[in-house]
**Student:** 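One structure is given below, represented as structure tokens, and several questions about it will come after.
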Amino acid sequence: MAHSLPEILTSGVQAALTALYDVDGSAQDITLQTTRKEFEGEFTVVTFPLTRLARKKPDEIAGDLGNYLKEKLAEVSDFNVIKGFLNLVIAPTYWRDFLLNGPQKADFGRGERKGETVVVEFSSPNTNKPLHLGHVRNILLGWSSSQLLEAAGYDVKKVQIINDRGIAICKSMLAWERFGEGATPESTGVKSDHFVGDFYVLFEKKFREEYAAWQESAEAQRILQEKKKADQEASAFWKGFKNQYFNEHSKLGAEAQQMLLRWEAGDESVVKLWKKMNAWVYAGFDETYDRLGVSFDKLYYESNTYLLGKDMVDKGLSTDVFQKRDDGSVFADLTDAKLSEKTLMRADGTSIYVTQDLGTARLRYDDFGAKRMVYVVADEQNHHFRTLFELLKRLEEPYADGLFHLSYGMVDLPSGRMKSREGTVVDADDLMNEVIHEARLASQERSATEGLSEAEQEDIIRQIGMAALKFHIIKVGPQKRMVFDPKESVDMQGQTGPYVQNAYVRTQAVWRKAGADRDVSAAGDYRDLAPAERDLIAQLYAYPNLIQEAAEQYDPSLIAMYCYELAKNLHKFWHDHSILNAETEAAVAFRLQLCRAVGNVLKSGMLLLGIEVPERM
RNA sequence: GGCUCUGUAGCUCAACUGGAUAGAGCACUUGACUACGAAUCAAGAGGUUUCAGGUUCGAAUCCUGACAGAGUCACCA
């Protein structure tokens with residue numbers, strides 16, 4: 001296709017403006033949109049903005065333009081005018097030729113290779129506890145954005161940085177050492193990342209017990225009397241004092257910190273324990289990632305990167321982007337960018353979080369030469385990334401203009417925010433088990449997969465359950481904080497993953513019945529398109545452009561909504577029209593190919609979301 | 001308190017980035033399987049787009065000011 005319809009129509013309108021009114025309209029003046037479904041036509045020109053140029057009423061302009069376009073453009077077969085809206089009807093032959101070519105191929109919609117690399121970071125868990133619902137949203141967003149960028153034409157590298165060090169994992173380690181009695185995931189039969197997480201929880205429990213007991217001591221009472229505000233309840237004070245207690249008074253806290261210091265010093269026994277427990281966690285993560293259907297090209301470990309960034313600090317100092325304080329600490333003054341002063345190096349020469357991220361960004365650039373990097377991280381870190389990007393920009397890093405924080409809203413439950421301390425966190429593994437369980441129940445009420453082996457049936461059930469879960473999460477725009485109701489996530493009817501899968505299954509079922517080698521050459525004789533057919537074809541036509549748009553906006557929810565709309569139109573078409581028993585052979589052949597095209601795009605779109613589509617369900 | 005984000009049907013979400021009568025699903029009511037698959041389709045009901053001003057041919061969308069919720073404001077990660 002040399003030119004797209006929007007291009008043809010836009011330049012057609014420009015030509016018309018010159019011919020009819022002797023004015024030059026730039027493409028910017030011309031607003032072209034898809035026609036709302038209650039009107040006839042596929043594209044609409046809005047003529048209100050043209051009144052100034054043409055000095056006529058909107059509906060008169062629309063009539064003039066309509067006549068001109070219908071006469072001059074083969075692609076336009078008819079038009080109608082409603083107020084300032086010119087609705088253009090695209091020639092059925094144009095649609096027919098389009099349908100029988102482009103979307104018959106499975107790779108329809110994929111963009112030209114751009115020869116540019118994008119690094120996408122997502123998931124990036126801590127290794128002290130298993131993955132939960134929050135990670136699931138992150139992972140689905142990261143994965144589908146990666147797929148989307150890939151389809152749009154970029155070379156994508158999927159990475160995560162694993163927070164494998166620090167005080168948190170030390171808590172798990174300490175708890176296991178003190179209370180574990182040599183137990184292992186194997187000896188207990190607990191999934192290995194959960195096993196480690198259980199010790200983290202155990203540490204918190206023991207710590208709270210210790211804290212509560214300590215509060216009764218004379219020392220604690222003295223501190224309470226000295227420091228609490230006059231009208232403050234004791235319980236409120238202790239709540240706020242917890243961190244300080246951990247750092248300055250707690251025996252368990254001291255031991256955990258001791259362990260962290262020994263780890264940093266490279267203490268052999270601590271490192272050995274650390275490796276053992278992390279290995280358990282990774283084995284568990286791998287299983288969860290596998291079930292979610294995601295993978296990574298490269299893993300970065302914080303234990304390897306937490307010292308990075310010092311050379312970036314040197315660079316910043318030498319170019320006067322950073323400054324040194326009297327005590328030796330280093331900071332950047334970002335106040336002119338409406339950010340505050342940001343410290344990058346403590347007086348003792350140790351680096352902090354943002355410094356590490358500077359180094360990691362550079363490391364990735366060296367690894368992949370990517371000029372675009374996407375960080376999929378929750379919106380609670382908006383400020384951090386604004387600072388990070390500003391710093392990299394001032395350091396004049398070559399990839400600084402291609403940095404993007406794919407910020408997403410946190411996931412709430414109907415009961416409110418998830419809190420690990422209150423045990424309201426929805427575990428990723430449990431969640432998947434639950435949706436697959438529901439899919440199995442729903443499947444048992446039907447008999448559509450009779451005759452398949454048990455393994456095949458189980459695989460289909462898995463695909464359906466996962467589709468329900470994934471679609472439910474990914475259909476929501478990233479930046480929106482979302483309420484996750486487990487009951488709704490297992491719905492299989494309406495605006496859901498299984499609904500879309502079902503549409504795909506139908507497109508395949510009709511071909512099974514027709515025979516894969518069915519002769520469809522008569523389709524070229526098909527003349528009149530029914531509205532349901534036009535809708536479907538126009539929608540297919542929009543797919544390639546949608547991929548580019550969704551990729552540029554890093555927004556997979558656009559694809560999800562599109563898949564739903566396409567499936568909806570397919571279902572309606574299916575209901576209203578007979579395919580194999582259509583009136584003419586041309587209609588049968590045409591509709592079969594329409595089914596194949598829709599099936600291709602549904603499968604392609606769902607795959608971009610990380611959702612598989614079964615052949616039967 | 002400063003900054004950022006969010007506020008749309010009972011609930012969960014859309015609205016092509018300023019366009020037509022604000023749309024879907026769930027839940028509720030009612031119809032459609034002897035049909036290529038009913039995980040479907042069709043119909044009904046449900047709205048002062050948080051509120052008040054402003055900008056213009058035209059506002060859920062942009063501006064100002066309230067109100068409500070969330071996040072963030074470390075030499076933590």
**Student:** A/Glu380 side chain: which of B/C41, B/A77, B/U72 is closest?
**Tutor:** B/U72
**Student:** Tell me: CD1 of A/Ile547 to P of B/C16, nearest whole Å?
**Tutor:**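 So the two atoms are 20 Å apart, to the nearest Å.
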**Student:** For A/Lys568 and B/A39, is the shortest distance between a side-chain N/O and OP1 or OP2 below 4.0 Å?
**Tutor:**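 No, no such contact exists.
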**Student:** Can you find a donor-acceptor N/O pair under 3.5 angstrom joining the side chain of A/Asp491 to the base of B/A27?
**Tutor:**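 Result: no qualifying N/O pair found.
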**Student:** I'd like to know if A/Ser340 reaches the base of B/C73 with its side chain such that a donor and an acceptor end up less than 3.5 angstrom apart.
**Tutor:**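 Side chain to base: no pair present.
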**Student:** Kindly say whether, by distance alone, the side chain of A/Asp327 makes a donor-acceptor pair under 3.5 Å with the base of B/C75?
**Tutor:** yes
**Student:** Between the base of B/A74 and the side chain of A/Thr343, is there a donor and acceptor pair under 3.5 angstrom?
**Tutor:** no
**Student:** Can you check whether A/Lys324 has a side-chain N or O nearer than 4.0 Å to OP1 or OP2 of B/C75?
**Tutor:**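 No, no such contact exists.
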**Student:** Using the closest heavy atom to pick a nucleotide of RNA chain B for each, name whichever of A/Asn126 or A/Leu32 lands nearer the 5' end.
**Tutor:**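 Whichever sits nearer the 5' end wins; that is A/Leu32.
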**Student:** Quick check for you: among B/G19, B/C36, B/U17, whose closest atom lies nearest to any side-chain atom of A/Gln33?
**Tutor:**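 The listed nucleotide nearest to A/Gln33's side chain is B/G19.
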**Student:** Taking the side chain of A/Ala509 as heavy atoms from C-beta outward, which of B/U12, B/G37, B/U4 is closest to it?
**Tutor:**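 The nucleotide sitting nearest to the side chain is B/G37.
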**Student:** Quick one: which of B/G19, B/A77, B/C36 gets closest to the side chain of A/Phe85?
**Tutor:**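 Between B/G19, B/A77, B/C36, the one nearest the side chain of A/Phe85 would be B/G19.
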**Student:** The side chain of A/Val476 is closest to which nucleotide in this list: B/A39, B/G71, B/C13?
**Tutor:**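 My answer, after comparing the listed nucleotides, is B/C13.
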**Student:** Grab the CZ-C1' distance between A/Phe484 and B/C26 for me, whole Å please.
**Tutor:** 15 Å
**Student:** Determine, for A/Glu456 against A/Arg616, whether the closest basic-nitrogen to carboxylate-oxygen distance falls under 4.0 angstrom.
**Tutor:** no
**Student:** Is A/Arg137 positioned over the aromatic face of A/Tyr408, cation under 6.0 angstrom from the ring centre and no more than 45 degrees off axis?
**Tutor:** no
**Student:** We want to know whether A/Asp535 and A/Gln539 form a side-chain donor-acceptor pair, criterion being a heavy-atom distance below 3.5 angstrom.
**Tutor:** no
**Student:** Rounded to whole angstrom, note down the P distance from B/U29 over to B/C67.
**Tutor:** 42 Å
**Student:** Is there a side-chain contact between A/Trp574 and the phosphate of B/A38, meaning an N or O under 4.0 Å from OP1 or OP2?
**Tutor:** yes
**Student:** Which listed nucleotide (B/A20, B/G37, B/U17) is nearest to the side chain of A/Ile82?
**Tutor:** B/A20
**Student:** Can you identify which nucleotide, out of B/A14, B/U4, B/A77, has its nearest atom closest to the A/Glu302 side chain?
**Tutor:** B/A77
**Student:** For a quick test of reading the model: is some side-chain N or O of A/Arg481 closer than 4.0 Å to OP1 or OP2 of B/A70?
**Tutor:**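 So the side-chain polar atoms of A/Arg481 never come under 4.0 Å of the phosphate oxygens OP1 or OP2 of B/A70.
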**Student:** Can you tell me if A/Arg506 touches the phosphate of B/A38, counting only side-chain N or O atoms and a distance under 4.0 Å to OP1 or OP2?
**Tutor:** yes
**Student:** What is the distance from CD of A/Gln495 to C1' of B/A15, rounded to the nearest Å?
**Tutor:** 12 Å
**Student:** Quick check on B/C41: is either OP1 or OP2 less than 4.0 Å from any side-chain nitrogen or oxygen of A/Tyr499?
**Tutor:** yes
**Student:** Should the ring pair A/Phe389 and A/Tyr375 be called parallel, tilted or perpendicular, given that the plane angle runs from 0 to 90° and is split at 30 and 60?
**Tutor:** tilted
**Student:** From the set B/A39, B/A24, B/G37, return the single nucleotide nearest to any side-chain atom of A/Lys37.
**Tutor:** B/A24
**Student:** Fit a plane to each ring of A/Tyr562 and A/Tyr543, take the angle between them on a 0 to 90° scale, and name the class: parallel (under 30°), tilted (30 to 60°) or perpendicular (over 60°).
**Tutor:** parallel
**Student:** Measuring from the side chain of A/Ile352 (C-beta onward, heavy atoms only), which nucleotide among B/C36, B/A77, B/U40 has the closest atom?
**Tutor:** B/A77
**Student:** Determine: side-chain N/O of A/Lys572 to OP1/OP2 of B/A42, distance under 4.0 Å, yes or no.
**Tutor:** yes
**Student:** For A/His472 and B/G25, give me the distance from atom NE2 to atom P, rounded to whole Å.
**Tutor:**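 Whole-Å distance recorded here is 15 Å.
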**Student:** Just how far, in rounded Å, is P of B/C57 from NZ of A/Lys56?
**Tutor:** 20 Å
**Student:** When you check the phosphate oxygens OP1 and OP2 of B/G19, does a side-chain N or O of A/Arg36 lie under 4.0 Å from one of them?
**Tutor:** no
**Student:** For the residue pair A/Asn128 and A/Ser172, confirm or rule out a side-chain donor-acceptor distance under 3.5 Å.
**Tutor:** no
**Student:** Would you mind reading off the distance between A/Phe573 atom CZ and B/C41 atom C1', rounded to a whole angstrom?
**Tutor:** 14 Å
**Student:** Consider only side-chain N and O atoms of A/Asn87 and A/Thr44, and report whether a donor and an acceptor are under 3.5 Å apart.
**Tutor:**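 Note: A/Asn87 and A/Thr44 side chains meet the donor-acceptor criterion.
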**Student:** From the list B/C13, B/U12, B/C41, which nucleotide is the closest neighbour of the side chain of A/Met482?
**Tutor:** B/C13
**Student:** Name the orientation of the base relative to the sugar in B/U4: syn if the glycosidic angle is within 90° of 0, else anti.
**Tutor:**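 Base orientation relative to the sugar is anti.
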**Student:** Could you tell me the separation between the CE atom of A/Met561 and the P atom of B/G23, rounded to a whole number of Å?
**Tutor:**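 Computing the A/Met561:CE to B/G23:P distance gives 14 Å.
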**Student:** Return the stacking result for B/G58 and A/Phe48: yes when the ring centres lie under 5.5 Å apart and the planes under 30°, no otherwise.
**Tutor:**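 By the stated criterion, A/Phe48 and B/G58 do not stack.
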**Student:** Within the distance-only criterion (no hydrogens, no angle test), does the side chain of A/Ser443 pair as donor or acceptor with the backbone N or O of A/Ala439 below 3.5 angstrom?
**Tutor:**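 Checked: no pair found.
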**Student:** Salt-bridge test for A/Glu380 and A/Arg481: reply yes if a basic N is under 4.0 Å from a carboxylate O, no otherwise.
**Tutor:** no
**Student:** Within the structure, does a side-chain N or O atom of A/Lys480 lie under 4.0 Å from either OP1 or OP2 of B/G7?
**Tutor:**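 Indeed, a polar side-chain atom of A/Lys480 lies that close.
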**Student:** Rounding to a whole Å, what distance do you find between A/Lys419:NZ and B/A70:P?
**Tutor:** 10 Å
**Student:** Syn or anti for B/C63, please, going by whether the chi angle lies within 90° of 0.
**Tutor:** anti
**Student:** Please determine whether a side-chain nitrogen or oxygen atom of A/Gln479 lies at a distance below 4.0 Å from atom OP1 or OP2 of B/U6.
**Tutor:** yes
**Student:** Pairs counted as Watson-Crick or G-U wobble with both distances under 3.5 Å: what dot-bracket string results for RNA chain B, using | for bases tied to another strand?
**Tutor:** (((((((..((((.....[...)))).(((((.......))))).....(((((..]....))))))))))))....
**Student:** When you check the side-chain N and O atoms of A/Tyr526 and A/Glu533, is any donor under 3.5 Å from an acceptor?
**Tutor:** yes
